[in-house]
Amino acid sequence: MKPLNRDVRRRISAFLVVAAGSLIVLGGVVWTKAAAATREEARPGTPGVPYANMPAIAPIGVRVDKYLEVPDLAKGAAVDPAKGYRTQKLGEGLYMITDGAYQSMFMTYDDGVVVVDAPPSYASHIHEAIAEVTDKPITHLVYSHYHIDHIGGATSLGGHPVIIAHEETNRLLTRDNDPNRPLATVTFKDQYRLSVGSQLLELSYHGTAHAPGNVFIYAPRQKTLMVIDLIFPGWMPWRRFAVAQDIPSVFAQVKEVSAWDFETLVAGHVARIGTHSDVTTQLAFMEDLKVAAEAALKATKPGEGLNPVDRSSNPWAVFDNYIDRVALACVNQLTPKWSTKLAAYDVYIWDQCFAMEQSLRID
């Protein structure tokens with residue numbers, strides 16, 4: 001077969017380029033018309049065409065068939081389902097109790113026991129846990145803060161222990177008037193030393209972060225620090241920084257904890273105790289989250305891709321569309337680094353990005 005000369009080859013190439021371009025333009029027109037038709041046919045308020053570069057991680061409100069696996073590093077020792085709790089010795093006379101999701105403590109001394117928090121999920125087992133190490137009665141109960149999921153089992157302890165809490169906790173408990181969360185009998189403003197026999201707990205208040213009245217509880221002899229709903233050892237923090245009331249203060253308090261002289265951290269949630277390394281990891285994630293949200297806020301243009309009618313008449317829609325795309329960019333930025341480092345990353349990463357952009361815009 002005789003080969004084509006150079007001029008013929010050039011004409012064929014030009015024809016193919018034009019044809020391919022025409023197909024691309026035609027395809028674009030067809031897709032655009034289809035997308036527009038979809039928008040026109042869709043009922044207002046129903047899902048539309050997905051945002052560009054949508055992450056594979058499902059956004060809030062979308063059902064997930066299977067979440068990411070929990071890394072072994074995040075897991076704690078198993079809880080015997082027949083018991084419903086697990087105890088762990090933290091030092092001389094100091095113990096953690098957990099059901100695998102919540103944590104509290106108790107401290108034994110010469111004449112009795114001090115309990116710190118009574119989560120309703122296993123409060124009925126606290127007496128059993130104490131009975132494993134002593135037959136002394138519960139003489140004191142310390143509230144870490146006012147939230148029901150940490151102290152809502154207080155009345156199940158029975159007796160008449162001295163209840164100690166921050167004054168803000170008592171203010172909020174007075175407002176809530178919950179019989180399952182009796183008022184504290186002793187309150188303090190800045191610091192309180194609970195000295196019983198040879199044991200000591202140092203309570204201190206560092207301001208609103210997670211919630212008003214949330215205190216640091218330190219056992220200096222055992223070098224154990226208990227701070228609730230601030231650090232989540234090995235895990236993504238609960239949604240929106242554990243529904244924190246003051247996100248800048250959350251950052252400040254995590255930095256305080258990172259500088260604290262402790263060996264064991266009781267964080268109030270998950271199945272295992274925490275370490276300095278856990279605090280360092282969470283702080284690094286939070287700093288990366290802040291950087292990613294800041295960059296997304298600057299790079300995202302309000303109103304892009306929004307229905308022109310909504311853009312001109314519905315400011316709430318403009319903000320919703322903008323914030324969605326900011327969170328989307330934030331999730332995409334963080335996922336390659338953090339999705340395998342924190343358990344339940346996929347469960348709450350959208351929440352954290354939404355909370356971070358909100359805090360950066362208005363705090």
Side-chain angles (χ1 to χ4, degrees), residues 84-85 96-107 113-127 129 138-192 194 201-218 225-232 237-250 252-253 266-270 348 351 355 358-359 362-363:
Y85 67 93
M96 178 191 73
I97 317 173
T98 181
D99 62 354
Y102 283 87
Q103 301 173 351
S104 61
M105 291 195 312
F106 69 89
M107 173 182 275
V113 178
V114 178
V115 173
V116 185
D117 280 357
S121 62
Y122 63 81
S124 61
H125 294 301
I126 290 178
H127 275 292
I138 297 172
T139 58
H140 298 75
L141 171 60
V142 176
Y143 287 163
S144 64
H145 64 308
Y146 76 99
H147 284 161
I148 194 169
D149 62 324
H150 290 277
I151 66 169
T155 55
S156 68
L157 299 181
H160 301 282
V162 175
I163 302 177
I164 303 163
H166 189 265
E167 61 185 21
E168 277 292 283
T169 295
N170 240 25
R171 178 183 68 82
L172 293 163
L173 290 177
T174 300
R175 176 201 67 183
D176 294 342
N177 192 28
D178 181 359
N180 293 314
R181 291 177 287 167
L183 294 177
T185 47
V186 175
T187 61
F188 66 98
K189 183 177 182 179
D190 297 315
Q191 296 181 337
Y192 185 86
L194 175 58
L201 286 179
E202 296 175 346
L203 281 57
S204 56
Y205 186 53
H206 300 256
T208 300
H210 169 62
N214 196 30
V215 296
F216 288 27
I217 301 157
Y218 185 55
L225 177 63
M226 181 176 183
V227 186
I228 304 302
D229 288 334
L230 192 68
I231 312 292
F232 296 80
W238 181 261
R239 65 183 315 170
R240 307 196 182 214
F241 295 95
V243 201
Q245 295 192 27
D246 188 336
I247 290 175
S249 289
V250 168
Q253 288 191 12
V266 177
H269 284 286
V270 310
Y348 288 132
D351 277 291
Q358 183 77 353
S359 176
I362 67 174
D363 281 337

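In this structure, T169 contributes its side chain and H145 its backbone to no donor-acceptor pair below 3.5 Å. Between the side chain of Q253 and the main chain of G207, a donor-acceptor pair closer than 3.5 Å is present. Remark: the backbone N or O of H269 is paired with a side-chain donor or acceptor of Q103 at under 3.5 angstrom. Between the R181 side chain and the Y146 main chain, a donor and an acceptor come within less than 3.5 Å of each other. No donor-acceptor distance shorter than 3.5 angstrom exists from the side chain of E202 to the backbone of Y218, with no hydrogens or angles considered.
Within the 4.5 Å cutoff, the side chain of T208 has no heavy atoms near those of the S249 side chain. Between Y85 and S124, every side-chain heavy-atom pair lies at or beyond the 4.5 Å cut-off. Inter-residue side-chain proximity for V116 and H140 is flagged as unmet; no heavy-atom pair is nearer than 4.5 Å. Side-chain atoms of L157 and I126, non-hydrogen and from C-beta on, do get closer than 4.5 Å to each other. Looking only at side-chain heavy atoms (C-beta outward), Y192 and V215 stay at 4.5 Å or farther from each other.
Separation of atoms CD1 (I151) and CG (D178) is listed at 8.0 Å; rounding is to 0.5 Å. Taken from CG in L172 to NE2 in H147, the straight-line distance is 8.0 Å, to the nearest 0.5 Å. A distance of 14.5 Å separates CZ in F241 from OH in Y348, rounded to the nearest 0.5 Å. How far CG of L201 is from CE of M105: 6.0 Å, rounded to the nearest 0.5 Å. Remark: L173 CG to R171 CZ distance equals 10.5 Å, nearest 0.5 Å.
Taking all atoms of both residues into account, the shortest heavy-atom contact from A154 to Y143 is CB-OH, 3.7 Å. Here the shortest heavy-atom pairing between A129 and F106 reads O-CZ, 3.9 Å. Contact between D99 and A101 at its shortest, heavy atoms only, is OD1-N, 3.0 Å. Minimum heavy-atom separation, G159 to P161: C-CD, 3.5 Å. The shortest non-hydrogen separation linking V270 to T98 is O-OG1, 3.7 Å. For A244 against V250, the heavy-atom pair with the smallest separation is CB-CG2, 3.5 Å.
Shown here is Q191, whose CD atom has no more than 12 heavy atoms of other residues, nucleotides or ligands within 6.0 Å.
Relative orientation of the H166 and Y205 rings is tilted, given thresholds of 30° and 60° on the angle between their planes.
In this structure, a donor-acceptor pair under 3.5 Å is present between the side chains of D229 and H150. Side-chain contact of T187 with N170: a donor-acceptor pair under 3.5 Å is absent, judged by distance alone. Counted by atom type alone, D117 and S144 present one or more donor-acceptor pairs between their side chains at under 3.5 Å.
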Before giving the answer on side chain to side chain contact (heavy atoms under 4.5 Å, CB included), spell out for Q358 and R240 the whole-Å C-alpha distance, their side-chain angles and the decisive distance to 0.1 Å.
-> CA-CA 10 Å; Q358 183 77 353; R240 307 196 182 214; over 6 Å; no

Assess whether side chain to side chain contact (heavy atoms under 4.5 Å, CB included) is satisfied between I148 and N180, documenting all intermediate values.
-> CA-CA 8 Å; I148 194 169; N180 293 314; 5.6 Å; no

Between I163 and L183, does a side chain to side chain contact (heavy atoms under 4.5 Å, CB included) hold up when you go through it step by step?
-> CA-CA 8 Å; I163 302 177; L183 294 177; over 6 Å; no

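Residues satisfying the ring-ring contact (aromatic ring centres under 6.0 Å, His included) test with H127, not counting sequence neighbours, are none.
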